[in-house]
Every structure is written in structure tokens, then in C-alpha cells.
Amino acid sequence: ENTFFLLNRLKPGKYHWSVQTIDNQTYGSMFAPEQSFEVGIDGVTVPKENKLLQSYPNPFNSGTIIRFDLPTSSFVVIKILDLLGREVETIISEERLAGRHSVQWIPRGLASGVYFYRLVTNFFVNTKRLILLK
């Protein structure tokens, strides 16, 4: 007999499962080793590592999307920096749940040129380049 379980509306977090045989109301030997999975925002599987992805579009004119992955909930800061490393703008400075995230950056009053966006979390820092063309 095939048996399956449908799990829905799980809260974000890590879950473990295993399969055991049952004979005459007693637990038998383990059928399969314990497995685990993680659930993130909206039931999406949680990324395995921190990651800052390349913004899109890049080069851009009116706005660009910055995406990043968090394997655990973390305080997140994303800043835009100029070529000299000076802060131009802070896009995000808040707690985020584990999962894949995106944020749109629409520059205001900035000249065309090369800029950098930096992601800082509790355990991760990464910087990537973007180009603003007007």
C-alpha cells in the first residue's frame, strides 16, 4: 500500500522526518534514515548559503532589482556606494526571514557612472558593481 502525506501551511523553519514500519501496534526497525528540509517564506525551500546576485538590469537607467538569498533569518543592510566607497543611499536596514529576497533601487539625483551595492548580514558581506546610464 502506498501512503503519502501532504504538508501545507508550514511555518518557516527546519523540519525532520523519517519512516518506520509498524507491526501489531509496535514500532519496528527504521525503514529510512532521517531526512530534513527547510521551509522559507511562502513555503519556498530555504537557500543553503548566503548569496548576493547580480542586479538586473545592469547597466540600467530608471531602476534595477537587487536579489539576495538568506539561509537563516538575519538583520540585513544593503547600501549603495560610489566609486570612492562613500555611502550614497541605504536601501534596506531591517530583519528579514530566511529565503530569496529582492528589492528595487530607483536612483534619484545621481549622475551616470559606476556604483556598488553591498549586502551585510549577521554572517555575510558581499559587494557587487552596477552601472547607471542616463
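As a basis for the values below, the full set of heavy atoms in this structure was taken, side chains included, without hydrogen atoms, waters or symmetry mates.
- When every heavy atom of Pro47 is checked against every heavy atom of Gly99, the shortest pair comes out as CD-CA, 3.6 Å.
- No side-chain N or O of Ser102 forms a donor-acceptor pair with one of Arg67 less than 3.5 Å apart.
- The salt bridge (Lys or Arg N to Asp or Glu O under 4.0 Å) contacts involving residues 123-134 comprise nothing, where partners must be two or more places apart or lie in separate chains.
- Following chains of ILVMFWY side-chain contacts shorter than 4.5 Å, one cannot reach Val125 starting from Phe123, and the two form parts of different hydrophobic clusters.
- Sorted by first and then second residue, the ring pair (Phe, Tyr, Trp, His ring centres under 6.0 Å) pairs with a member in residues 69-88 form an empty list; sequence neighbours excluded.
- Note that CG of Asp69 and NZ of Lys51 are 6.0 Å apart. Values are rounded to the nearest 0.5 Å.
- The backbone N or O of Asn122 lies less than 3.5 Å from a partner atom in the side chain of Ser74, making a donor-acceptor pair.
- The shortest side-chain heavy-atom distance between Glu87 and Leu81 falls under the 4.5 Å cut-off.
- Connection of Val114 to Ile106 is not established within any shared hydrophobic cluster, with ILVMFWY side chains joined at heavy-atom distances below 4.5 Å, either directly or through further cluster members.
- Smallest separation of non-hydrogen atoms from Pro107 and Gly63: CD-CA, 4.4 Å.
- Between the side chain of Ser93 and the backbone N or O of Val77 there is no donor-acceptor pair closer than 3.5 Å.
- Here the side chain of Asn58 pairs a donor or acceptor atom with the backbone of Ile131 at under 3.5 angstrom.
- Other residues sharing a hydrophobic cluster with Val103 under the 4.5 Å side-chain heavy-atom criterion for ILVMFWY residues are Leu52, Phe60, Ile66, Phe68, Leu70, Val76, Ile78, Ile80, Val88, Ile91, Ile92, Trp105, Leu110, Tyr115, Tyr117, Leu119, Phe124, Leu130, Leu132.
- Looking at Ile65 and Ser55, their side chains never come closer than 4.5 Å, going by heavy atoms from C-beta outward.
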